[in-house]
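This one's a predicted model, so the numbers in the text were calculated from it and none came from an experiment.
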Amino acid sequence: MRTTVRAGRRKVEVKHAEKPLFGPDGATKADLADYYARIAPLMLPLVRDRPVALERFPDGIDDPGFLSQHPPHPKWIRTVWTSSGRMMECQEAAALVWCADQAAITLHTWSSRTPRLGLPDRMVLDLDPVGEGEDAFESCRDAAWSVREVLTELGLAAYVMTTGSRGLHVHSPLRPEVGDLEVRRLAKAVADRVAARAPEEWTTRVRKAARHGRMFVDYLRNGPAQLAVAPYSVRARPGAPVAAPVTWEELDQLTSSRDFTIDLERQECPFAGMRRHARSPRRALSLLDRGEGGVVPRPRTSRGEGE
DNA sequence: GGAGACT
DNA sequence: AGTCTCCAACGCGCT
DNA sequence: AGCGCG
(Lines give C-alpha, C1' and ligand atoms only; values in the text may rest on other atoms or scores of the structure.)
Protein backbone atom coordinates (compact mmCIF):
# COMPACT_ATOMS: atom_id res chain seq x y z
CA MET A 1 0.00 0.00 0.00
CA ARG A 2 2.98 2.21 -0.59
CA THR A 3 5.06 2.53 -3.68
CA THR A 4 7.74 4.71 -5.12
CA VAL A 5 7.33 6.49 -8.40
CA ARG A 6 10.38 7.54 -10.32
CA ALA A 7 10.09 11.04 -11.70
CA GLY A 8 13.19 12.21 -13.45
CA ARG A 9 16.09 12.01 -11.06
CA ARG A 10 13.87 12.00 -8.02
CA LYS A 11 11.87 9.28 -6.31
CA VAL A 12 8.55 10.19 -4.83
CA GLU A 13 6.78 8.02 -2.30
CA VAL A 14 3.10 7.38 -2.90
CA LYS A 15 1.24 6.32 0.22
CA HIS A 16 -1.96 4.28 0.07
CA ALA A 17 -1.23 3.77 -3.60
CA GLU A 18 -4.13 1.35 -4.10
CA LYS A 19 -6.69 3.68 -2.59
CA PRO A 20 -9.45 4.33 -5.10
CA LEU A 21 -9.97 8.05 -5.55
CA PHE A 22 -12.57 7.98 -8.32
CA GLY A 23 -15.23 5.78 -6.75
CA PRO A 24 -15.03 2.15 -5.61
CA ASP A 25 -14.02 0.76 -9.00
CA GLY A 26 -12.32 3.85 -10.30
CA ALA A 27 -8.72 4.90 -10.71
CA THR A 28 -6.42 4.72 -7.69
CA LYS A 29 -3.90 7.14 -6.32
CA ALA A 30 -1.20 5.07 -8.03
CA ASP A 31 -3.02 5.55 -11.34
CA LEU A 32 -3.12 9.29 -10.69
CA ALA A 33 0.59 9.41 -9.87
CA ASP A 34 1.47 7.33 -12.93
CA TYR A 35 -0.59 9.60 -15.14
CA TYR A 36 1.13 12.76 -13.93
CA ALA A 37 4.55 11.13 -14.28
CA ARG A 38 3.70 10.08 -17.83
CA ILE A 39 2.16 13.37 -18.96
CA ALA A 40 4.81 15.56 -17.32
CA PRO A 41 6.82 16.17 -20.50
CA LEU A 42 3.76 17.70 -22.16
CA MET A 43 2.30 19.33 -19.07
CA LEU A 44 5.33 20.94 -17.47
CA PRO A 45 5.95 23.55 -20.15
CA LEU A 46 2.36 24.72 -19.62
CA VAL A 47 2.47 24.96 -15.82
CA ARG A 48 6.08 25.81 -15.08
CA ASP A 49 6.75 29.14 -13.31
CA ARG A 50 3.08 29.58 -12.49
CA PRO A 51 1.73 29.78 -8.95
CA VAL A 52 -0.35 26.66 -8.49
CA ALA A 53 -3.25 25.75 -6.23
CA LEU A 54 -4.27 22.17 -5.49
CA GLU A 55 -7.78 20.80 -5.51
CA ARG A 56 -7.47 17.87 -3.17
CA PHE A 57 -9.68 14.87 -2.48
CA PRO A 58 -7.98 12.78 0.24
CA ASP A 59 -11.12 10.67 0.65
CA GLY A 60 -11.96 10.40 -3.03
CA ILE A 61 -14.29 12.32 -5.28
CA ASP A 62 -17.42 11.21 -3.44
CA ASP A 63 -16.35 13.26 -0.46
CA PRO A 64 -16.01 17.02 -0.56
CA GLY A 65 -12.53 18.11 -1.52
CA PHE A 66 -10.96 21.45 -0.84
CA LEU A 67 -8.84 23.99 -2.60
CA SER A 68 -5.45 24.53 -1.08
CA GLN A 69 -3.43 27.57 -2.00
CA HIS A 70 -0.73 27.14 0.61
CA PRO A 71 -0.30 23.44 1.26
CA PRO A 72 2.53 22.15 3.42
CA HIS A 73 5.12 20.98 0.94
CA PRO A 74 8.63 19.51 0.87
CA LYS A 75 11.49 21.97 0.64
CA TRP A 76 12.55 20.82 -2.80
CA ILE A 77 9.36 22.18 -4.32
CA ARG A 78 9.89 25.75 -5.45
CA THR A 79 7.65 28.50 -4.17
CA VAL A 80 7.08 32.11 -5.08
CA TRP A 81 5.81 35.05 -3.10
CA THR A 82 2.52 36.30 -4.55
CA SER A 83 -0.20 38.75 -3.61
CA SER A 84 -1.95 35.86 -1.92
CA GLY A 85 1.00 34.52 0.00
CA ARG A 86 3.72 32.04 -0.80
CA MET A 87 2.55 29.62 -3.43
CA MET A 88 3.99 26.46 -4.95
CA GLU A 89 5.21 26.04 -8.48
CA CYS A 90 5.47 22.76 -10.36
CA GLN A 91 8.84 22.90 -12.06
CA GLU A 92 9.53 19.20 -12.46
CA ALA A 93 7.78 15.87 -12.87
CA ALA A 94 8.45 14.95 -9.25
CA ALA A 95 6.36 17.91 -8.09
CA LEU A 96 3.39 16.66 -10.09
CA VAL A 97 3.78 13.19 -8.61
CA TRP A 98 4.05 14.65 -5.12
CA CYS A 99 0.77 16.49 -5.76
CA ALA A 100 -0.80 13.16 -6.72
CA ASP A 101 0.37 11.67 -3.43
CA GLN A 102 -1.42 14.54 -1.72
CA ALA A 103 -4.58 13.39 -3.50
CA ALA A 104 -4.43 16.60 -5.48
CA ILE A 105 -6.51 15.49 -8.41
CA THR A 106 -6.74 18.90 -10.08
CA LEU A 107 -4.13 21.62 -10.46
CA HIS A 108 -5.10 25.25 -11.00
CA THR A 109 -2.62 27.87 -12.09
CA TRP A 110 -2.22 31.59 -12.50
CA SER A 111 -2.27 33.28 -15.88
CA SER A 112 1.05 35.03 -15.28
CA ARG A 113 4.46 33.55 -14.64
CA THR A 114 7.39 34.24 -12.35
CA PRO A 115 9.11 36.72 -12.55
CA ARG A 116 6.32 38.59 -14.33
CA LEU A 117 3.49 37.96 -11.90
CA GLY A 118 0.66 40.33 -12.62
CA LEU A 119 1.46 40.56 -16.32
CA PRO A 120 -0.44 37.61 -17.83
CA ASP A 121 1.05 35.67 -20.70
CA ARG A 122 -2.32 34.21 -21.56
CA MET A 123 -6.01 34.93 -21.52
CA VAL A 124 -8.68 32.30 -20.97
CA LEU A 125 -12.27 32.26 -22.11
CA ASP A 126 -14.38 29.61 -20.41
CA LEU A 127 -17.40 28.12 -22.15
CA ASP A 128 -19.81 25.95 -20.20
CA PRO A 129 -22.85 24.52 -21.94
CA VAL A 130 -26.18 25.11 -20.26
CA GLY A 131 -27.74 21.67 -20.51
CA GLU A 132 -26.51 18.12 -20.71
CA GLY A 133 -25.80 16.00 -23.72
CA GLU A 134 -24.24 16.29 -27.12
CA ASP A 135 -26.43 19.14 -28.31
CA ALA A 136 -25.37 21.27 -25.39
CA PHE A 137 -21.75 20.46 -26.03
CA GLU A 138 -22.17 21.25 -29.71
CA SER A 139 -23.31 24.78 -28.89
CA CYS A 140 -20.24 25.03 -26.72
CA ARG A 141 -18.09 24.03 -29.68
CA ASP A 142 -19.77 26.66 -31.83
CA ALA A 143 -19.02 29.26 -29.20
CA ALA A 144 -15.36 28.20 -29.18
CA TRP A 145 -15.15 28.74 -32.92
CA SER A 146 -16.70 32.17 -32.47
CA VAL A 147 -14.19 33.02 -29.78
CA ARG A 148 -11.45 32.04 -32.18
CA GLU A 149 -12.90 34.28 -34.88
CA VAL A 150 -13.14 37.25 -32.58
CA LEU A 151 -9.60 36.69 -31.31
CA THR A 152 -8.39 36.48 -34.90
CA GLU A 153 -10.05 39.81 -35.70
CA LEU A 154 -8.07 41.30 -32.85
CA GLY A 155 -4.80 39.80 -34.03
CA LEU A 156 -4.75 37.22 -31.25
CA ALA A 157 -4.05 33.49 -31.38
CA ALA A 158 -6.49 30.85 -30.16
CA TYR A 159 -5.96 27.39 -28.70
CA VAL A 160 -8.69 25.15 -27.35
CA MET A 161 -8.90 22.42 -24.74
CA THR A 162 -11.54 20.33 -23.07
CA THR A 163 -11.88 21.09 -19.38
CA GLY A 164 -12.71 17.48 -18.53
CA SER A 165 -15.75 18.87 -16.81
CA ARG A 166 -18.54 20.24 -18.99
CA GLY A 167 -17.09 22.74 -21.40
CA LEU A 168 -14.12 24.18 -23.18
CA HIS A 169 -11.38 26.68 -22.51
CA VAL A 170 -9.96 28.86 -25.24
CA HIS A 171 -6.43 30.04 -24.46
CA SER A 172 -4.86 33.03 -26.12
CA PRO A 173 -1.13 33.48 -25.56
CA LEU A 174 -0.20 37.09 -24.84
CA ARG A 175 2.94 39.09 -24.58
CA PRO A 176 3.24 40.07 -20.92
CA GLU A 177 2.63 43.75 -21.63
CA VAL A 178 -0.37 44.71 -19.56
CA GLY A 179 -1.67 43.97 -16.08
CA ASP A 180 -4.30 41.50 -14.92
CA LEU A 181 -7.05 44.09 -14.91
CA GLU A 182 -6.37 45.14 -18.48
CA VAL A 183 -6.36 41.50 -19.59
CA ARG A 184 -9.67 41.01 -17.91
CA ARG A 185 -11.02 44.06 -19.67
CA LEU A 186 -9.83 42.54 -22.93
CA ALA A 187 -11.42 39.19 -22.08
CA LYS A 188 -14.71 40.92 -21.29
CA ALA A 189 -14.62 42.76 -24.59
CA VAL A 190 -13.94 39.54 -26.47
CA ALA A 191 -16.76 37.83 -24.61
CA ASP A 192 -19.13 40.69 -25.41
CA ARG A 193 -18.29 40.45 -29.08
CA VAL A 194 -18.86 36.71 -29.05
CA ALA A 195 -22.18 37.07 -27.27
CA ALA A 196 -23.26 39.75 -29.74
CA ARG A 197 -23.01 37.18 -32.53
CA ALA A 198 -25.79 35.09 -31.04
CA PRO A 199 -27.53 37.15 -28.38
CA GLU A 200 -30.28 34.57 -28.03
CA GLU A 201 -27.80 31.83 -27.17
CA TRP A 202 -24.87 33.48 -25.43
CA THR A 203 -24.44 36.16 -22.80
CA THR A 204 -21.84 37.77 -20.58
CA ARG A 205 -24.29 38.52 -17.79
CA VAL A 206 -22.89 37.26 -14.51
CA ARG A 207 -26.14 36.86 -12.69
CA LYS A 208 -27.93 33.63 -13.47
CA ALA A 209 -31.35 35.20 -13.40
CA ALA A 210 -30.29 37.55 -16.17
CA ARG A 211 -29.11 34.75 -18.43
CA HIS A 212 -32.47 33.27 -19.35
CA GLY A 213 -30.96 29.92 -20.23
CA ARG A 214 -28.19 31.39 -22.33
CA MET A 215 -24.63 30.15 -22.11
CA PHE A 216 -22.30 32.32 -20.03
CA VAL A 217 -19.20 33.37 -21.93
CA ASP A 218 -16.99 33.47 -18.87
CA TYR A 219 -14.22 36.05 -18.88
CA LEU A 220 -13.79 36.03 -15.08
CA ARG A 221 -10.96 33.52 -15.08
CA ASN A 222 -8.80 36.50 -15.92
CA GLY A 223 -7.77 38.93 -13.20
CA PRO A 224 -5.44 39.27 -10.24
CA ALA A 225 -4.77 35.94 -8.51
CA GLN A 226 -7.39 34.19 -10.63
CA LEU A 227 -6.97 30.47 -11.19
CA ALA A 228 -7.79 28.31 -14.17
CA VAL A 229 -7.55 24.56 -14.47
CA ALA A 230 -4.14 23.56 -15.76
CA PRO A 231 -3.89 21.82 -19.13
CA TYR A 232 -3.63 18.03 -18.65
CA SER A 233 -5.04 18.30 -15.15
CA VAL A 234 -7.28 15.45 -14.02
CA ARG A 235 -10.80 16.33 -12.92
CA ALA A 236 -12.62 15.00 -9.86
CA ARG A 237 -15.30 13.15 -11.75
CA PRO A 238 -16.14 9.53 -12.41
CA GLY A 239 -13.87 8.04 -15.03
CA ALA A 240 -11.07 10.48 -14.23
CA PRO A 241 -11.43 12.80 -17.24
CA VAL A 242 -8.62 15.21 -18.06
CA ALA A 243 -8.39 18.74 -19.40
CA ALA A 244 -6.99 17.95 -22.82
CA PRO A 245 -5.57 20.41 -25.32
CA VAL A 246 -6.90 19.55 -28.77
CA THR A 247 -6.34 20.86 -32.27
CA TRP A 248 -9.14 22.81 -33.89
CA GLU A 249 -9.55 19.92 -36.33
CA GLU A 250 -10.06 17.52 -33.44
CA LEU A 251 -12.57 19.82 -31.79
CA ASP A 252 -15.31 18.96 -34.26
CA GLN A 253 -14.90 15.24 -33.57
CA LEU A 254 -15.49 15.66 -29.85
CA THR A 255 -18.78 14.69 -28.31
CA SER A 256 -18.12 15.87 -24.79
CA SER A 257 -15.67 17.63 -22.56
CA ARG A 258 -14.84 14.27 -21.00
CA ASP A 259 -13.73 12.46 -24.13
CA PHE A 260 -10.20 12.21 -22.75
CA THR A 261 -9.37 10.50 -19.48
CA ILE A 262 -6.44 9.55 -17.32
CA ASP A 263 -5.67 6.91 -19.96
CA LEU A 264 -4.63 9.68 -22.33
CA GLU A 265 -1.49 8.84 -24.26
CA ARG A 266 -0.08 11.68 -26.27
CA GLN A 267 3.29 12.04 -27.87
CA GLU A 268 2.79 15.57 -29.06
CA CYS A 269 1.01 18.48 -27.43
CA PRO A 270 -1.42 20.59 -29.48
CA PHE A 271 -0.32 23.54 -27.32
CA ALA A 272 3.38 23.02 -28.04
CA GLY A 273 4.93 26.18 -29.37
CA MET A 274 2.02 28.28 -28.15
CA ARG A 275 4.34 30.87 -26.69
CA ARG A 276 5.78 31.68 -30.07
CA HIS A 277 2.31 32.81 -31.08
CA ALA A 278 1.92 35.26 -28.20
CA ARG A 279 0.44 38.52 -29.50
CA SER A 280 0.04 41.99 -28.17
CA PRO A 281 -2.87 42.60 -25.81
CA ARG A 282 -2.07 46.31 -26.00
CA ARG A 283 -2.72 46.34 -29.70
CA ALA A 284 -5.93 44.33 -29.29
CA LEU A 285 -7.15 46.78 -26.66
CA SER A 286 -6.37 49.73 -28.84
CA LEU A 287 -8.27 48.17 -31.73
CA LEU A 288 -11.22 47.68 -29.43
CA ASP A 289 -11.03 51.18 -28.00
CA ARG A 290 -11.08 52.57 -31.52
CA GLY A 291 -14.04 50.37 -32.37
CA GLU A 292 -12.06 48.49 -34.94
CA GLY A 293 -11.02 44.90 -35.18
CA GLY A 294 -14.18 43.48 -36.64
CA VAL A 295 -13.38 45.21 -39.88
CA VAL A 296 -9.82 44.65 -40.93
CA PRO A 297 -8.32 41.43 -39.74
CA ARG A 298 -4.69 41.93 -40.33
CA PRO A 299 -2.70 39.42 -42.36
CA ARG A 300 -0.94 36.73 -40.42
CA THR A 301 1.12 33.70 -41.11
CA SER A 302 -0.40 31.02 -38.95
CA ARG A 303 -2.92 30.71 -36.25
CA GLY A 304 -3.35 28.78 -33.04
CA GLU A 305 -3.41 25.40 -34.67
CA GLY A 306 -1.05 23.66 -32.35
CA GLU A 307 2.51 24.14 -33.32
C1' DG B 1 -3.39 14.29 3.89
C1' DG B 2 -1.32 16.72 7.36
C1' DA B 3 -0.85 20.32 10.91
C1' DG B 4 -2.44 22.49 14.84
C1' DA B 5 -5.81 22.83 18.56
C1' DC B 6 -8.59 21.03 21.66
C1' DT B 7 -10.08 17.10 24.95
C1' DA C 1 -3.47 9.44 22.06
C1' DG C 2 -7.87 10.25 19.90
C1' DT C 3 -10.74 13.74 17.63
C1' DC C 4 -11.93 17.85 15.33
C1' DT C 5 -11.13 21.58 12.18
C1' DC C 6 -9.11 23.86 8.63
C1' DC C 7 -7.33 23.95 4.11
C1' DA C 8 -9.28 30.54 -1.40
C1' DA C 9 -10.22 34.89 -2.69
C1' DC C 10 -11.38 38.60 -5.93
C1' DG C 11 -14.02 41.94 -8.36
C1' DC C 12 -17.88 42.63 -10.71
C1' DG C 13 -22.60 44.12 -11.29
C1' DC C 14 -27.01 43.99 -8.88
C1' DT C 15 -30.05 44.77 -5.08
C1' DA D 1 -22.94 47.63 2.19
C1' DG D 2 -24.02 42.95 0.94
C1' DC D 3 -24.55 39.02 -2.12
C1' DG D 4 -24.40 35.92 -6.23
C1' DC D 5 -21.44 34.51 -9.28
C1' DG D 6 -17.44 32.17 -11.42
Open item on the list: Using atom P in both nucleotides, what's the gap between B:dA5 and C:dA8 to the nearest angstrom?
Closed with: 16 Å
- [ ] Would you check if the distance from the ring center of A:W145 to the ring center of A:W248 is below 6.0 Å?
- [x] yes
Open item on the list: Using modelled atom types and a 3.5 Å cut-off, is there a donor and acceptor pairing between side-chain atoms of A:R56 and backbone atoms of A:T106?
Closed with: no
TODO: Starting from C1' on D:dC3, measure out to NZ on A:K208 and report it in whole angstrom.
DONE: 15 Å
Open item on the list: Under 3.5 Å, is there any donor-acceptor pair linking the side chain of A:R221 to the base of D:dG6?
Closed with: no
- [ ] Please examine the side chains of A:V150 and A:V194, heavy atoms only from C-beta on, and report whether any two atoms are closer than 4.5 Å.
- [x] yes
Task: Nearest-nucleotide pick for A:Q69, side chain only, options being C:dC14, D:dG6, C:dA8 - done: C:dA8
Open item on the list: Between C:dC7 and D:dC5, how many Å separate the two C1' atoms, rounded to a whole number?
Closed with: 22 Å
Task: Nearest to side-chain heavy atoms of A:A103, which nucleotide of B:dG1, D:dC3, C:dA9 - done: B:dG1
- [ ] Report yes if some heavy atom in the side chain of A:F22 is under 4.5 Å from a heavy atom in the side chain of A:D31; otherwise report no.
- [x] no
Task: Selected nucleotide, minimal atom distance to A:Q226 side chain, candidates C:dC7, C:dC12, C:dC10 - done: C:dC10
Task: Whole-Å P distance, C:dC6 and D:dG6 - done: 25 Å
Task: A:D218 CG to D:dG4 C1', straight-line distance once rounded to whole Å - done: 14 Å
Task: Touch class at under 4.0 angstrom, heavy-atom based, for A:R56 against every strand present - done: base
Open item on the list: So, OP1 or OP2 of B:dG2: does either fall under 4.0 Å of a side-chain N or O from A:K15?
Closed with: yes
Open item on the list: For Watson-Crick and G-U wobble pairs within 3.5 Å on both distances, what is DNA chain D written in dot-bracket notation, | included for inter-strand pairing?
Closed with: |||.||
